[in-house]
Amino acid sequence: MMLTRERLLNWAMIAALLIVPLAAWSLDEPFIITLATKAAILALAGVGLNIALGLGGMISLGHAAFFGIGGYAMGILAAHAQNYEPLFAWPFLFEGSNQMPLIWLVAVVFSALAALVIGALSLRTSGVYFIMITLAFGQMLYYFAISWSAYGGEDGLSIWVRNEFPGLNTLDPIQFFAIAYVILCLALVFAARLARSPFGLALAAARQNEDRVEAVGLTPFTLRLIAFVISGAITGLAGALFADLNRFVSPTMLSWHTSGEIMIFVILGGVGRLYGPVAGAALYIMLEHLLGGISDYWQIFLGLLLLLIVLFARGGLIGALAGREKAHG
Amino acid sequence: MADLVLQTNKLNKSFGALKASSDVSLDLLTGEIHALIGPNGAGKSTLIKQIAGNIAPDSGTVELLGRDVTRLDTVARARMGLGRTFQISALAMEYTVLQNAVLGALGGQGRPFRFFRNVMKDPGLLEPARDALERVGLVDDAGRRTADLSHGQRRQLEVAVALTLQPKLFLMDEPMAGLGAAGSKELTGFLDGLRQQAPILLVEHDMDAVFALADRISVLVYGQIIATGTADEIRANAEVRRAYLGEEDAA
Ligand SMILES: Nc1ncnc2c1ncn2[C@@H]1O[C@H](COP(=O)(O)OP(=O)(O)OP(=O)(O)O)[C@@H](O)[C@H]1O
Ligand SMILES: [Mg+2]
């Protein structure tokens, strides 16, 4: 393994994301731990999007759909469990669940299915049309959630206690952080391996030159669809965790504004850079926390920063600090 | 008689009022190099694209290895064994030279749905990729970014990627362009031997290469094949001289 500058930077970032909440824990500052947890979860959502956007070149403005589906998977399962109302009685009685592993599984399966349907329809187009169709699907789900009164409609769904994970006390902020952090690390390892796999090579080639990929007998559509499903599933898992962090899910998680935020994490950190979403989400949370305290209009500064990065540092934060990406191999 | 590998039957293709292919029928036999020549804009690339499956003909059929493939897409035709190089290099520019060749090998083996192993450490892909780069003389550049290659080197890489597919026939659209005299000569020697492996339909403006290599030559002018024959027959053909070779002399 070569010790490149980017790799050092990645390690430093992932270490900082661990050290900051640990320090906050020893100083008894639970709010900081919650901020770090939020950063880890949003980074996870970004890792998902980055597989579609960075690796596959699919500019999806609809990832809020998967994030929100993950959120609602948690909300619906937990709401039934806390109210002792069966979710369904056939083919077996199911009363919802407050167990995170099951909630995650449901979140992943449903967001993957949604990605399969949305991807199969929108990947027949490209460019601006693809952006608009993914946006439209996201908004469709958003309006559906608003009108879905059984699960809170516009007001969303609140959960009284955070869901459980076997052997841990999830109400303890540092333990819940640990869960989010470990999942983020696993997702990063997965994304790194995917990028270097035969599939990743073909997928990123389809982004660079579709004709070439077809000429060697591979179908860009299939490659992209699979990547889109993987991407949606990871973002959906992040949605379930995010809803659990807030003990609340609402249609806002499905809105195009959320899609834009997830994309901002990726762009801030560096499109296609493996740890880009980690840098981007952490920076976003820091800015929100620091500047948000100074002015309600902190997003103007965020906008300015985004503009500077898009104009002057195409590789985002990681690109600016670690230089041009090295072609691997 | 040698086997028929490729056959087009009365292909027609128009772009608006422009007739780019007009009843084009040609074939490619085992072991041969069949050169397709003609002035700029004659419709050579348009014909290649119809054979490869990028554009559909208005009428007529394409038969590959005895099978009508007119309705099959590019991917299906590539899988049947059609190896192709593009007139305008179509490569993954961010990749290294070796990665492009590995991509070809991956496509040739047709199993891209592996998500965990490191593709650049897979000997089953690296060996054919390196071998192909070796054969076109690019192996020393294996680690370079494709975007940093010269025009001619990109043409060589196009040929190398086609080789990794182990195709049953080659379609090559101006592989010599930008190679320079020495490079052209080298590639000419290489293609000469390659026809034993798989026949080549060769579009080329470099007449020295064409006359040195081609078993048969077809001349395309304004979308129509005006003559097909051996190098000597084409040289002697009055219509060809008037329509094409004469133009070259004048130019
Ligand atoms: N997609 C298209 N739409 C409209 N016209 C086209 C299209 N593709 C090609 N043409 C036209 O068809 C004619 C044939 O083009 P083609 O590229 O096949 O020529 P060629 O013989 O390959 O020329 P060259 O030697 O310059 O490569 C040209 O006049 C070209 O402008
Ligand atoms: Mg051409």
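Proteins get letters first, then strands, A, B, ... in listed order; numbering begins at 1 in each.
In this structure, chain A has a heavy atom under 4.5 Å from the side chain of B:N54, while its backbone stays farther away. Contact annotation for A:I226: only side-chain heavy atoms (C-beta onward) come within less than 4.5 Å of a heavy atom of chain B. Contact of A:A192 with chain B is not made at all, since no heavy-atom distance falls under 4.5 Å. Interface remark: B:V161 contributes side-chain atoms only to the contact with chain A (heavy atom separation under 4.5 Å).
Contact check for A:S197 versus B:R114: no side-chain heavy atoms found under the 4.5 Å cut-off. Using a 4.5 Å heavy-atom threshold, the side chains of B:R79 and A:T219 count as touching. Between A:P198 and B:R117 there is a side-chain heavy-atom pair separated by less than 4.5 Å. Side-chain contact check for B:F116 versus A:F190: some heavy-atom pair is nearer than 4.5 Å.
Other residues, nucleotides and ligands contribute at most 12 non-hydrogen atoms within 6.0 Å of the OH atom of A:Y129.
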Exercise. Decide side-chain contact (heavy atoms from CB on, under 4.5 Å) for A:V213 and B:V75; before the verdict, give the C-alpha distance in whole Å, the side-chain angles of both, and the deciding distance to 0.1 Å.
Key: CA-CA 8 Å; A:V213 172; B:V75 173; over 6 Å; no
Practice problem: Kindly determine whether B:F113 and A:L223 satisfy side-chain contact (heavy atoms from CB on, under 4.5 Å), including the steps that lead there. | Solution: CA-CA 8 Å; B:F113 302 113; A:L223 296 165; 4.1 Å; yes
Exercise. Begin with the C-alpha distance, continue with both residues' side-chain angles, and end with the deciding distance and a verdict on side-chain contact (heavy atoms from CB on, under 4.5 Å) for A:N209 and B:L91.
Key: CA-CA 6 Å; A:N209 198 312; B:L91 296 161; 5.6 Å; no
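A:Q208 places a side-chain N or O within donor-acceptor distance of the main-chain N or O of B:E94, the cut-off being under 3.5 Å.
For the options B:V102, B:N100, B:L82, B:L165, heavy-atom pairs under 4.5 Å to chain A are most numerous at B:L165.
Using a cutoff of 4.0 Å between basic side-chain nitrogens and carboxylate oxygens, A:R212 and B:E158 are scored as salt-bridged.
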